[in-house]
Amino acid sequence: MKIASWNVNSLKVRLPQVLDWLEHEQPDVLALQETKITDEVFPAKAIEEAGYQVVFSGQKTYNGVAMIAKQTPDDVVTDIEGLDDPQRRILAATIDDIRVVNLYVVNGQAPGTEKFAYKLNWLQKVTDFLDQQLNDYQNVIVLGDFNIAPDDRDVHDPEKWHEKILCTTEERSALNRILDLGFQDSFRLLHDQGGYFSWWDYRMNKFSRGMGLRIDLILASDELSETLSAAYIDLEPRKNERPSDHTPVVAEFDW
DNA sequence: ATGGTGGTCATACCA
């Protein structure tokens, strides 16, 4: 089971790159964030012609999530208890006996803002939902753009980012509350070193200068994580013309 | 300290 997550920053712009990546990498599941496209015009046909099935929850201009899979996604959920939210950031489905929860976590702008408070509340409600998912399903994967760098190894310049958005103690504590439910950061099970990133700001040539953050994560429930066989970040799509600012992260399980 | 790049939409907003 090869599962991946990629914030594509507009599926309309990035569809050719997504189709290329699917053909080349043949993942069983690819979770997308920031599709920025309404369900009415979602390019399902092009994805199905590539041999995949797809489910999606989109909106105009902002947010939007989708999951592309070789097996049929069942029991799709797009809204959770306690969160009456027009922003399309959550997509859960059962694929090949694994409950997969795709998240586009709120960015939060800056500590102390309204958006930051929304981020923390959103994370609390999602944490409650994930706790329920662990009760209801044997194996759970939570993946997506978390908009949180788990620790300073995941930040190119920790001093500069100290207590800045994506790196605050409050955000990291919220992530740890999710992990404490019974999840493992798949990448960190196999790699201890810093310097691995999944997002680089478009500005100031951050990618070519190696100045990024690791904010795209694949969390696996404890039992499932024991079957993890590989975890990596594929830097190639970030080198494309007109790239997303994020690149795909991948985990492979003996499943 | 500021602004820089990119997507969407056609002007600011979001990241």
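By convention in this document, chain letters (A, B, ...) are assigned in the order of the sequence lines, proteins followed by strands, and residues within each chain are numbered from 1. Below, all heavy atoms of this structure are taken into account, side chains as well, without hydrogens, waters or symmetry copies. What you are looking at is a predicted structure, and each value in this text was computed from that prediction instead of being measured.
The pair A:E48-A:K45 does not count as a salt bridge, with every side-chain nitrogen at least 4.0 angstrom from each carboxylate oxygen. We find that A:R214 and A:D185 are joined by a salt bridge, their nearest charged nitrogen and carboxylate oxygen being less than 4.0 Å apart.
For the pair A:Q87 CD and B:dT8 C1', the interatomic distance rounds to 15 Å; values are reported in whole Å. Distance NZ (A:K36) to P (B:dT8): 6 Å, rounded to an integer number of Å. Distance, A:Y202 OH to B:dC13 P: 21 Å, rounded to whole Å. Nucleotide B:dG6 holds its P atom 13 Å from the CD atom of A:Q17, rounded to whole Å. If you measure from atom CG of A:L11 to atom P of B:dG6, you get 19 Å, rounded to the nearest angstrom. Atoms CG (A:D245) and P (B:dG6) sit 10 Å apart, rounded to a whole Å. Atom CG of A:N9 is separated from atom P of B:dT5 by 16 Å (rounded to the nearest Å). Between the C1' atom of B:dT5 and the CZ atom of A:R209 lies a distance of 13 Å, rounded to the nearest Å.
A donor-acceptor contact shorter than 3.5 Å links the side chain of A:K2 to the backbone of A:E25. With hydrogens and angles disregarded, no donor-acceptor distance shorter than 3.5 Å links the side chain of A:R99 to the backbone of A:Y137. Between the side chain of A:D39 and the backbone N or O of A:G58 there is at least one donor-acceptor pair closer than 3.5 Å. No donor-acceptor distance shorter than 3.5 angstrom exists from the side chain of A:Q33 to the backbone of A:R89, with no hydrogens or angles considered.
Just one of A:T78, A:D79, A:V126, A:V65 meets the side-chain contact (heavy atoms from CB on, under 4.5 Å) condition when paired with A:I90; it is A:V126.
Residue A:R242 places at least one side-chain N or O under 4.0 Å from the OP1 or OP2 atom of B:dG7. Phosphate contact (OP1/OP2 of B:dA15, side-chain N/O of A:R89, threshold under 4.0 Å): present. Residue A:R203 places no side-chain N or O under 4.0 Å from the OP1 or OP2 atom of B:dA15.
Residues meeting the side-chain hydrogen bond (donor to acceptor under 3.5 Å, both in side chains) test with A:K125, sequence neighbours left out: A:N121. Scored by the side-chain contact (heavy atoms from CB on, under 4.5 Å) test, A:Q184 finds A:L189, A:D222, A:S225 as partners (sequence neighbours excluded). Remark: A:N205 pairs with A:S208, A:R209 by the side-chain contact (heavy atoms from CB on, under 4.5 Å) rule, at least two apart or across chains.
Taking the C1' atom of each, B:dA10 and B:dC14 are spaced 16 Å apart, rounded to whole Å. Nucleotides B:dA12 and B:dA1, compared at atom C1', are 23 Å apart to the nearest Å.
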Starting at the 5' end of DNA chain B, write a dot or bracket for each base, bracketing those in Watson-Crick or G-U wobble pairs whose two distances are under 3.5 Å and using | for partners on another strand. ....((((...))))
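Both A:L22 and A:L11 are part of a single hydrophobic cluster, where members link through side-chain heavy atoms under 4.5 Å apart.
Non-hydrogen atoms lying under 4.0 Å from DNA chain B are contributed by A:K60, A:T61, A:Y62, all within residues 56-66 of chain A. DNA chain B lies under 4.0 Å from at least one heavy atom of each of the following residues of residues 102-110 of chain A: A:Y104, A:N107.
Residues A:K115 and A:V13 both approach DNA chain B. Their nearest nucleotides, taken by heavy-atom distance, put A:V13 toward the 5′ side.
More than 12 heavy atoms of other shown residues, nucleotides or ligands fall within 6.0 angstrom of atom CG in A:D157.
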